[in-house]
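Written below as C-alpha cells is the structure these notes are about.
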Amino acid sequence: RMLLGKVKKLVLSPIWVCTAMSLCALYFVVTGVQLWITSYLRAPPISADMNLIVIGFSASSATAPILGVLFGGHVVDRVGGYQGCMHKAAKAATVFG
C-alpha cells in the first residue's frame, strides 16, 4: 500500500513525468540513430569500416551531451537565465530542442 501511494504521487508529478518522457525520447532517438546509422554507413557507396563507425558513434555520443549542456547553459544565461525572464529561456529551449 505504501509503495502504491508513493508511485501514485510520483506519476502525478508533472516534473517527473516530463523528465521521464524526455529521457524516453532521448533514448529512443539515440538507439534509433545507432541502429540505422550503422547499417547506412556499412552499405555501399560508403562501405565504412565497423571500427570507424564505432569510434565515430562513441565520440559523438560522448561529446554531444556535454557540449549541449555547456552551450545550452550559456545560451540560457545570455537570454536572461531562469531568474525573471522565463519566457526568454522557454523560447531558447524551444528553438534548440
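As a basis for the values below, the full set of heavy atoms in this structure was taken, side chains included, without hydrogen atoms, waters or symmetry mates.
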**Prompt:** Does one hydrophobic cluster hold both V33 and L23, with members joined at side-chain heavy-atom distances below 4.5 Å?
**Reply:**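 They do share one cluster, since a chain of ILVMFWY contacts under 4.5 Å joins V33 to L23.
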**Asked** Going only through I, L, V, M, F, W and Y residues with side-chain contacts under 4.5 Å, is there a path from I37 to V29?
**Response**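 Linked within one cluster.
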Give every donor-acceptor pair under 3.5 Å between a side-chain atom in residues 50-69 and any protein atom, sequence neighbours left out.
{"residue": "S58", "atom": "OG", "partner": "V54", "partner atom": "O", "Å": "2.7"}
{"residue": "S60", "atom": "OG", "partner": "G56", "partner atom": "O", "Å": "3.3"}
{"residue": "S60", "atom": "OG", "partner": "F57", "partner atom": "O", "Å": "3.0"}
{"residue": "S61", "atom": "OG", "partner": "F57", "partner atom": "O", "Å": "2.9"}
{"residue": "T63", "atom": "OG1", "partner": "A59", "partner atom": "O", "Å": "2.8"}

**Asked** Got a sec, which hydrophobics cluster with W36, joining ILVMFWY side chains under 4.5 Å apart, including via others?
**Response**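 L35, listed by chain and number.
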**Prompt:** For K8, which of L4, L12, L10 qualifies under side-chain contact (heavy atoms from CB on, under 4.5 Å)?
**Reply:**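 Passing option: L12.
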**Prompt:** Can you name the closest pair of heavy atoms from V17 and V11 and give their distance?
**Reply:**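 Between these two residues, the closest heavy atoms are CG2-O, 3.1 Å.
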